[in-house]
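Notes to accompany the following structure.
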Amino acid sequence: MDKVWDVIIVGAGPAGMCTAIQTAKHGLSTLVVDRQTEPGGQIFRSAGSSSMIGKLGKDYAAGLPLVKQFLNCGAQFEPGANVWDIAPDRVYYSQQGHSHFVRARQVVLATGAMERPVPLPGWTLPGVMGSGASDVLLKSAGLLPEGPVVLCGNGPLVLQAAVHMHEFNVPVSAVLLTGRMGNIMHAMKHASGILARPGYFLHGVNMAAKTMLHQKCVLGAHDVSISESEKGLQVHYATRSGKHRKLDASTVLLHEGVIPETRITRLARLRHAWDQKQRYWHVDADKWGQTSAPGLRTAGDIATVRGAAAAQAEGSLVGLDICRELGQLSLADRDREALPFLRIIKRCQALQPFLDEYFAPTPAMLQPHPDAIVCRCEELTAGHLGEVIREGSYSPNGVKAQARPGMGTCQGRICGQAVAEMIADAHGLSMENLPQYTAQPPLFPLRLGELVEMPSPSELM
Amino acid sequence: MSSKRSAEAVVIGGGAVGTAVACYLAMDGVDVTVVERGEFAWGTSRRCEGHVVTYDTPPGDFSLFCKTGQDLFYEAQDFLPVDFEFTPEGIGLLVDNEDHLEIVKQNFEGKKAEGYDVTLWDRDELRHRERNIGDNVIACLNFNNDCTLNPMRLCFGLAKHAEENGATILPRTQVTKLLTENGRVSGVETDQGIIATKNVILSSGVWTPSLGAMLGVQIPIRPRQGHILVTERVSGLLSKAYVEYGYLLTKHGVTRENVTPDMDKFGVAFVIEPSSAGTVLVGSSRRFAGMDIRPHPAVMRAVAERGTHFFPSLSDMRLLRCYAGVRPASPDELPIISSTHIPGLFVGAGHEGLGISLCLITGKIMSELVRGETPFIDASYMSIDRFGFNPPAVPAGETTL
Ligand SMILES: Cc1cc2nc3c(=O)[nH]c(=O)nc-3n(C[C@H](O)[C@H](O)[C@H](O)COP(=O)(O)OP(=O)(O)OC[C@H]3O[C@@H](n4cnc5c(N)ncnc54)[C@H](O)[C@@H]3O)c2cc1C
Ligand SMILES: Cc1cc2nc3c(=O)[nH]c(=O)nc-3n(C[C@H](O)[C@H](O)[C@H](O)COP(=O)(O)OP(=O)(O)OC[C@H]3O[C@@H](n4cnc5c(N)ncnc54)[C@H](O)[C@@H]3O)c2cc1C
């Protein structure tokens with residue numbers, strides 16, 4: 001415990017790996033912890049061992065060399081290490097049932113994003129999951145969902161899932177696209193951004209074309225709900241012209257975009273900002289990942305969701321600036337080495353407004369139907385929470401105090417934003433003025449005995 | 001809020017104390033407005049436990065005061081419009097060492113003489129009732145009328161009841177200035193406009209000193225931090241709430257033997273409460289750490305360790321979250337329920353670890369003080385004058401509405 005690392009990085013996704021590659025290369029002692037057993041993060045999950053590495057396209061295959069480079073870069077990697085609390089100079093984690101704390105001069109949070117939870121009736125039924133969760137099963141265990149599948153949502157990952165289902169011969173009843181029809185018009189205003197990343201754009205167009213060609217697509221689907229039936233699941237939805245339809249399915253994959261998983265940055269009491277276009281909270285950090293707390297930085301999706309290429313470039317920039325701050329690089333050298341990464345980020349930024357408009361969340365989707373369970377842990381419906389809100393609660397913390405959403409096992413990870421959207425709507429408040437739930441340690445349920453067995457960190461107070 | 005408002009009395013703070021004061025004033029027919037910068041239960045009253053206790057004090061005047069305060073909850077249960085999870089199951093005071101046992105036995109006799117419903121369980125009886133109790137625990141003094149409740153629902157219910165009785169409740173409104181005219185209170189300025197009033201009650205917990213300072217009144221209240229651990233839902237671990245005898249010692253800053261250095265440093269003493277939701281709250285700690293309410297793993301660890309000493313099977317329970325709050329502590333740990341030297345300015349604050357227990361009695365007395373009546377129970381020793389920091393307070397009865 002006496003050792004003080006130069007850098008501790010939480011998360012070995014593209015961002016964290018790239019930070020480590022830079023800091024280790026410039027001679028800083030670097031520790032990387034990740035709750036997964038292998039490096040790779042969300043997009044390159046299990047890239048080092050997956051049987052799917054050759055079968056999921058070149059995006060996924062690109063992870064293998066990066067993972068190899070990371071494992072050989074000289075940083076120490078602690079797999080299966082689940083971080084439950086942090087401070088600017090230390091990290092607490094649980095590994096194989098034992099808790100430890102480690103200290104560092106700089107801590108980087110590169111813990112990524114999550115799918116935006118959008119409650120609708122029946123979304124807690126067995127067989128309904130996020131399309132990201134399905135992606136995880138595919139990459140890590142080669143598991144495909146049981147067909148027929150109904151895909152429902154908005155965002156590039158819906159199209160990607162539709163293409164995967166086709167390629168692996170999983171029957172799909174329909175792809176319900178919940179994005180607004182007007183999005184494309186707004187997006188076209190930013191069409192010039194396409195020129196910055198033509199390859200990436202074409203890849204997207206290609207996925208959309210394949211989806212349209214091979215799957216039954218319903219544009220502008222709304223009022224979606226799921227119920228149990230003899231055959232498994234039944235998906236109810238309304239078409240653009242308001243006709244009500246039903247579909248049978250064994251599996252329903254939902255996806256309404258990706259948002260930063262801010263519990264860890266809120267736990268660190270960092271300053272956050274609201275992104276009105278993508279409708280999510282994110283940590284407020286500069287391009288070097290510096291947050292409102294000295295010594296604590298962020299990299300990758302945790303700060304802004306811009307995809308794997310940007311996450312890698314951001315991670316590299318954060319690493320380079322840490323090298324400068326800890327005296328391994330001069331300002332001039334940092335700037336010189338940063339150039340190629342800054343260029344990548346510039347290109348990603350240029351295309352971002354187009355993507356933001358095209359995949360903008362549909363406001364009606366964000367106001368859950370009264371029957372939808374919003375807080376899954378405490379099983380609280382939107383109807384009940386709506387009453388509590390109208391009775392006189394004006395913030396997520398206020399509702400939490402009166403009705404317990406966010407007090408269960410997931411500590412508000414799932415319901416936090418949905419509750420805020422409901423309050424904003426009910427009281428006519430803007431989301432910026434609705435701070436998220438206060439996050440408290442531990443980040444996940446921890447055995448009390450494990451806490452007791454941990455060496456005392458009291459001399460750090 | 002319209003730019004011009006007025007009220008006979010303005011209560012600042014929507015915690016347990018402020019909402020109770022507003023509630024009694026409204027029930028007593030006073031046109032009262034309660035101003036809270038957040039929502040109802042925003043400060044310490046949403047970061048505490050909900051014990052309504054008489055175990056805390058040796059026999060005497062204050063003990064009787066606590067008991068009278070507790071009786072009011074049995075009444076409130078009937079008139080409050082919100083289910084505040086009132087659980088009158090009693091609370092047990094656990095003893096884990098022979099020296100303490102003697103004191104606790106005296107306490108038992110004294111409380112019995114004062115008419116309390118108390119029972120003493122020996123080792124075997126305790127094991128019979130609580131099969132998960134730790135081996136070191138040798139006795140339990142039960143305060144059978146002590147109870148637990150949900151403080152956040154209580155505050156909300158008190159605010160609602162005040163409103164139903166004509167009070168104006170103003171959540172999300174922050175007081176920025178106290179106004180006087182000819183040396184007497186004349187109003188409060190908030191971020192939503194001015195409220196004209198001749199009476200202001202400061203029941204703002206740990207923030208009370210900064211409000212008093214606006215008019216040069218010194219109110220000696222310091223924040224005293226406490227941590228609470230919340231477990232996942234468990235069943236069959238324990239049947240009611242408990243607290244260790246050592247809790248009474250940490251409150252008065254007494255150094256204890258037989259605890260680890262961390263427990264001593266953080267003032268850790270065991271308290272446990274099964275919540276209505278099925279989770280278990282395990283506390284707690286006591287230390288002066290400024291306004292910091294970010295839980296610290298070292299304190300969490302010490303609280304957990306103390307917990308497993310009394311209930312070893314807690315070890316296998318999972319911790320869902322930890323939170324910390326700051327008790328408003330006066331130098332002698334007694335509340336301040338008082339007029340001040342500024343006519344029309346009252347203080348109801350500084351309840352330390354008893355702000356939930358004593359909120360109703362504070363509200364009732366404060367309503368009497370504001371209306372110029374003599375309190376129904378002697379509260380003279382809760383006057384701000386006892387500290388000698390300010391000119392003598394205006395005597396009760398001279399501040400009629
Ligand atoms: C479900 C989903 C699917 C996606 N699919 C694609 C895709 O197909 N193509 C694409 O370009 N982008 C995709 N993205 C976005 C893409 O994941 C990111 O842009 C990129 O992976 C971000 O990299 P990162 O390093 O910031 O985070 P991540 O890759 O998410 O890595 C974060 C790492 O931190 C670890 N971690 C998190 N919390 C803790 C903790 N408390 N303790 C220890 N470790 C922790 C995680 O285990 C993970 O390994 C997807 C995102 C999501 C959420
Ligand atoms: C860990 C812990 C456990 C506890 N357990 C118990 C227990 O079991 N039983 C018990 O009886 N007590 C317990 N207590 C003590 C109890 O919580 C406090 O004594 C009580 O909550 C104090 O209530 P209050 O109304 O005085 O203060 P608060 O609840 O803090 O209310 C003050 C309010 O004033 C508001 N405010 C401040 N300034 C302004 C302003 N300028 N304008 C408008 N509003 C303002 C604040 O937002 C706040 O809501 C515990 C405390 C802690 C920390």
Side-chain angles (χ1 to χ4, degrees), chain A residues 84-87 90-94 99-101 263 267-269 377-378 388 391-404 406-412 423 427 429 433 435 437-461, chain B residues 38-42 45-47 82 150-153 155-156 159-160 163 169 171-172 228-233 260-262 265-266 275-277 279 282 287 289 293-309 311-324:
Chain A
W84 56 262
D85 198 10
I86 39 155
R90 79 202 83 127
V91 170
Y92 298 83
Y93 65 88
S94 168
S99 275
H100 311 269
F101 61 93
R263 268 187 331 137
L267 187 63
R269 305 292 184 256
C377 305
E378 303 289 307
V388 173
E391 237 181 32
S393 289
Y394 303 91
S395 63
N397 278 333
V399 186
K400 179 175 166 185
Q402 297 304 329
R404 306 187 50 82
M407 287 202 183
T409 317
C410 88
Q411 290 296 299
I423 298 168
H427 293 303
L429 299 168
N433 298 323
Y437 291 138
T438 307
Q440 303 284 29
L443 265 185
F444 56 87
L446 188 69
R447 220 171 49 83
L448 257 85
E450 180 174 332
L451 182 61
V452 175
E453 288 150 22
M454 179 179 80
S456 167
S458 79
E459 72 273 26
L460 297 182
M461 292 181 73
Chain B
E39 291 168 45
F40 292 101
W42 203 243
S45 304
R46 61 168 295 166
R47 300 185 182 91
V82 161
N150 176 337
M152 299 169 279
R153 294 300 284 163
C155 294
F156 195 78
K160 278 278 151 194
E163 195 178 27
I169 61 173
R172 309 199 307 140
I228 303 286
L229 310 181
V230 187
T231 72
E232 65 192 335
R233 287 197 167 86
T260 66
D262 271 11
K265 181 166 158 192
F266 304 137
S275 81
S276 308
T279 57
V282 184
R287 70 182 176 125
I293 52 165
R294 171 60 162 82
H296 194 289
V299 185
M300 291 162 61
R301 188 188 157 281
V303 171
E305 188 171 8
R306 194 67 187 154
T308 54
H309 172 78
F311 280 90
S313 38
L314 271 175
S315 230
D316 295 321
M317 313 277 131
R318 292 193 310 164
L319 169 65
L320 280 191
R321 72 176 164 282
C322 174
Y323 59 85

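Remember, it's a predicted structure, so these values are computed and weren't measured experimentally. Below, chain A is the first sequence line, B the second, and so on; all start at residue 1.
Both the backbone and the side chain of B/Asp316 come within less than 4.5 Å of a heavy atom of chain A. Looking at A/Thr438, there are no atoms closer than 4.5 Å to chain B (heavy atoms on both sides), in backbone or side chain. Both the backbone and the side chain of B/Arg153 come within less than 4.5 Å of a heavy atom of chain A. Contacts of B/Pro171 with chain A are made by side-chain atoms alone, with heavy-atom separations under 4.5 Å and no backbone atom involved. Both the backbone and the side chain of A/Ser395 have a heavy atom closer than 4.5 Å to some heavy atom of chain B. B/Arg301 touches chain A through backbone and side chain together, each having a heavy atom under 4.5 Å away. Of the atoms belonging to A/Cys377, it is backbone heavy atoms, and not side-chain ones, that fall under 4.5 Å from chain B. Of the two parts of A/Gln411, only the side chain, counted from C-beta on, holds a non-hydrogen atom closer than 4.5 Å to a non-hydrogen atom of chain B. Residue B/Thr260: no heavy atom, backbone or side chain, is found under 4.5 Å from chain A. Of the atoms belonging to B/Leu229, it is side-chain heavy atoms, and not backbone ones, that fall under 4.5 Å from chain A. When heavy atoms are compared at a cutoff of 4.5 Å, A/Tyr394 approaches chain B by way of both its backbone and its side chain. Contact annotation for A/Leu267: both backbone and side-chain heavy atoms come within less than 4.5 Å of a heavy atom of chain B. For chain A, the nearby part of B/Phe40 is the backbone; its heavy atoms alone come within less than 4.5 Å.
The side-chain heavy atoms of B/Pro297 and A/Phe101, taken from C-beta on, include no pair separated by under 4.5 Å. Under the 4.5 Å side-chain criterion, counting only non-hydrogen atoms from C-beta, B/Asn150 is not in contact with B/Ser276. A 4.5 Å side-chain heavy-atom check between B/Trp42 and A/Asn397 finds at least one atom pair inside the cut-off.
For the pair A/Gln440 (side chain) and B/Pro295 (backbone), a donor-acceptor distance under 3.5 Å is absent. No donor-acceptor pair closer than 3.5 Å links the side chain of B/His296 to the backbone N or O of A/Ser458. B/Arg321 places a side-chain N or O within donor-acceptor distance of the main-chain N or O of A/Met407, the cut-off being under 3.5 Å.
Interface summary for chain A: among B/Arg233, B/Arg294, B/Met152, B/Arg318, the most heavy-atom pairs under 4.5 angstrom belong to B/Arg294. When each of A/Pro442, A/Ser393, A/Gly392, A/Cys410 is scored by its heavy-atom pairs under 4.5 Å with chain B, the top score falls to A/Pro442. The choice from B/Arg172, B/Glu232, B/Glu305 that makes the most heavy-atom pairs within less than 4.5 Å of chain A is B/Arg172. The candidate from B/Val282, B/Asp262, B/Thr308 with the greatest count of non-hydrogen atom pairs under 4.5 Å with chain A is B/Asp262. When A/Leu448, A/Leu443, A/Thr409 are compared by the number of non-hydrogen pairs under 4.5 Å with chain B, A/Leu448 comes out ahead. In terms of heavy-atom pairs under 4.5 angstrom with chain A, the leader among B/Met300, B/Glu39, B/Arg46, B/Met317 is B/Glu39. Of the listed residues (A/Pro441, A/Pro445, A/Ala87), the greatest number of heavy-atom pairs within a distance under 4.5 Å of chain B belongs to A/Pro441.
B/Ala304 and A/Leu451 make their closest contact through CB-CD2, 3.9 Å (heavy atoms, listed as atom of the first residue, atom of the second, distance).
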| query | What do the steps show when you test B/Val299 against B/Arg287 for side chain to side chain contact (heavy atoms under 4.5 Å, CB included), and what is the final call? | reply | CA-CA 10 Å; B/Val299 185; B/Arg287 70 182 176 125; 4.2 Å; yes

| task | Under the side chain to side chain contact (heavy atoms under 4.5 Å, CB included) rule, what do B/Thr279 and A/Arg404 come out as? Steps first, then yes or no, please. | result | CA-CA 12 Å; B/Thr279 57; A/Arg404 306 187 50 82; 4.0 Å; yes

| side chain to side chain contact (heavy atoms under 4.5 Å, CB included) evaluation trace for B/His309 with A/Val452 | CA-CA 11 Å; B/His309 172 78; A/Val452 175; over 6 Å; no

| query | A/Glu450 and B/Leu319: side chain to side chain contact (heavy atoms under 4.5 Å, CB included), yes or no, with the steps? | reply | CA-CA 10 Å; A/Glu450 180 174 332; B/Leu319 169 65; over 6 Å; no

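Using a cutoff of 4.0 Å between basic side-chain nitrogens and carboxylate oxygens, A/Glu378 and A/Lys400 are not scored as salt-bridged.
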